[in-house]
Amino acid sequence: LENFAGDQVLRVEPCNEEQVRLLKELRALEPLQLDFWRFPSYPNEPADVQVPFACLQDVKVFLESRGIKYCVMIEDIQAAVDEERREMYLNQRR
Amino acid sequence: ERGSSSFNYGAYHPLETIYQEMDNIVAEYPKIVSKLQIGESYEKRPLYVLKFSTGGKNRPAIWIDAGIHAREWVTQATALWTAKKIASDYEYDPSVNSLLNTMDLFLLVVANPDGYVFSHTENRMWRKTRSKTPGSPCVGVDPNRNWDAGFGGPGASSNPCSDSYHGPSADSEVEVRSVVDFIKSHGNVKAFISIHSYSQLLMFPYGYTCDNIRDRAELDNVARTAANALTSLYGTQYKVGPICSVIYQASGGSIDWSYNYGIKYSFAFELRDTGRHGFLLPADQIIPTARETWMGLKSIFEHVRDHPY
C-alpha cells in the first residue's frame with residue numbers, strides 16, 4: 001500500500017501566460033513525481049497538484065521564487081485516505 | 001447485501017461487490033435490464049455493460065461510461081445508483097418510459113476495472129490503466145488520452161511515467177478498444193456520455209483543439225439546460241462549455257472521438273468535487289451527487305429522444 005503521509009495538494013493560480021508555461025515545465029519534471037489533479041491551462045484558472053512530502057520544499061520554492069500564487073488545499077492526503085477507510089469499515093460493519 | 005433493495009448505495013464498494021450488485025439489478029428487473037460483456041481489461045477482468053431495453057431490434061441508443069479514471073470513485077458509485085434508478089423508475093416515471101420505449105441505453109459502470117482495483121488495494125490515487133510499457137519501469141496509460149482523436153497532441157504526455165501518458169498508439173488500451181469496437185459494431189448510438197468527477201463541469205467537444213464544433217450552439221444549449229436541472233436540486237454550480245475552453249486542451253479524449261465518429265450528442269460530466277476533498281468525496285455525498293446528476297442526465301436523454309438525427 002502506498003503511503004501518502006505528508007503529501008499535500010496545492011491549488012496554484014497562475015496569473016499570466018508565462019506562469020502557465022512555468023507550471024507546464026514543472027509538470028514535465030519527472031523526478032518530482034507530481035500528480036496534477038487539474039492541469040495548468042489558462043491564466044487565472046487554478047491548477048491542483050498533489051506533491052509528495054519529499055518534494056514539498058522544492059515545489060514551494062519553485063512557485064514562490066517565480067511569484068506564482070498558491071495555497072494548500074489538502075494538508076495531508078493520508079489523513080483523508082484514513083478517514084475514507086474508516087468510513088468504509090463502518091459501512092461494512094453496518 | 002443480497003439484493004438491490006438492501007444494497008447500501010451510499011457507500012464505496014470494491015469491484016466484486018459492484019459486479020454482484022449489477023447481477024442483482026439484472027435479476028430483479030429482467031424484463032428491461034441485461035448484462036453484456038464487451039471485453040476484458042489488461043489484467044483480464046470482465047468489462048460489463050448493463051443494457052436497458054424494452055425490446056426492438058438495434059434501436060437508437062445512448063452510451064454512458066463511468067470511472068475511466070479509476071480513483072474518481074463517486075463516478076462508479078453514481079453509475080450504479082443510476083442503474084438502479086432507471087430500472088426501478090421504469091413504469092413509474094413517464095420520462096423513463098418514453099425513453100426506453102424509443103431507445104436503448106448502455107451503461108458501463110466501471111470503465112477501468114484494473115485501475116479501480118489498484119486504487120482499492122495499492123494506490124488510492126491511481127488514475128491510469130495497468131498495462132505495461134516495454135522499456136519503461138512505469139505502468140499504465142491515461143485511458144482518456146488514448147482515443148483516436150488528435151492522439152498524441154497537446155494536453156497529453158509522451159512520458160510513460162506521467163499520469164496523462166497517452167500510450168504507444170491510439171486505442172492501445174484494451175479498455176478503450178473494447179468500447180470503440182462495441183460502439184462501431186452497434187452502429188446506431190446517438191449519444192455518448194462519459195462520467196468523471198472533479199470540479200463540476202459539463203463539457204462537449206473539442207478538447208484536442210480549441211476550434212468550435214459544427215453543433216456548438218445546440219450542444220451548448222442542451223448542456224446548459226442539463227446543468228440547470230442538476231443545479232435545481234441542491235444548488236451545485238456547474239461550468240458548461242467545450243473541453244478546451246472550460247478546462248484545458250487535452251487530446252485523445254473519448255467524447256472527441258465519439259463526436260468525430262458521428263455521435264452528435266457527446267458530453268462529459270465532471271461531478272461534484274471542489275477539490276477540497278480531492279477524489280475522496282465523503283460517502284455521505286454519494287447519493288446527493290447521484291441524485292443531482294440524474295437530473296442532468298435525464299434532461300440530456302429527453303433532448304436526444306426528441307431530436308432524432
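Chain naming here is simple, since letters A, B, ... match the order of the sequence lines and numbering starts at 1 in each. Remember, predicted model here, so these are calculated numbers, not experimental data.
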Proximal component of [X], with respect to chain B [non-hydrogen, under 4.5 Å]:
{"X": "V81(A)", "value": "both"}
{"X": "M88(A)", "value": "side chain"}
{"X": "F39(A)", "value": "both"}
{"X": "E83(A)", "value": "neither"}

- Exceeds 12 heavy-atom contacts within 6.0 angstrom, atom CD of Q33(A): no
- Message: Looking at F53(A), I want to see if its CZ is surrounded by more than 12 non-hydrogen atoms of other residues, nucleotides or ligands under 6.0 Å.
- Response: no
- Message: Are the side chains of E2(A) and E122(B) in contact, using a 4.5 Å heavy-atom criterion?
- Response: no
Atom [atom1] of [X] and atom [atom2] of [Y]: how far apart are they, to the nearest 0.5 Å?
{"X": "L29(A)", "Y": "N159(B)", "atom1": "CG", "atom2": "CG", "result": "11.0 Å"}
{"X": "R124(B)", "Y": "E84(A)", "atom1": "CZ", "atom2": "CD", "result": "4.0 Å"}
{"X": "F279(B)", "Y": "Q50(A)", "atom1": "CZ", "atom2": "CD", "result": "8.5 Å"}
{"X": "F36(A)", "Y": "S157(B)", "atom1": "CZ", "atom2": "OG", "result": "12.0 Å"}
{"X": "F4(A)", "Y": "N123(B)", "atom1": "CZ", "atom2": "CG", "result": "4.0 Å"}
{"X": "Y198(B)", "Y": "W37(A)", "atom1": "OH", "atom2": "CH2", "result": "6.0 Å"}

Measuring heavy-atom distances to chain A, does [X] have an atom under 4.5 Å in its side chain, in its backbone, in both, or in neither?
{"X": "Y12(B)", "value": "both"}
{"X": "W126(B)", "value": "neither"}
{"X": "C138(B)", "value": "neither"}
{"X": "H69(B)", "value": "neither"}

- Note: vs chain A, highest number of non-hydrogen pairs under 4.5 angstrom among S162(B), S164(B), A250(B) is S164(B)
- Message: Quick check on the interface: out of D163(B), T274(B), L281(B), who has the most heavy-atom pairs with chain A under 4.5 Å?
- Response: D163(B)
- Highest number of heavy-atom pairs under 4.5 Å with chain B: which of S41(A), A28(A), P46(A)? S41(A)
- Query: In terms of heavy-atom pairs under 4.5 Å, which option from L90(A), D48(A), I77(A) contacts chain B the most?
  - Reply: D48(A)
Looking at every heavy atom in both [X] and [Y], which two are closest together, and how far apart are they?
{"X": "Y42(A)", "Y": "C210(B)", "answer": "OH-SG, 4.0 Å"}
{"X": "G278(B)", "Y": "I74(A)", "answer": "N-CD1, 3.5 Å"}
{"X": "D35(A)", "Y": "M125(B)", "answer": "OD2-O, 4.0 Å"}

- Query: Is a salt bridge present between E270(B) and R38(A), judged by a nitrogen-to-oxygen distance below 4.0 Å?
  - Reply: no
- Task: Measure from the side-chain N and O atoms of E87(A) to the backbone N and O of A283(B), and report whether any donor-acceptor pair falls under 3.5 Å.
- Result: yes
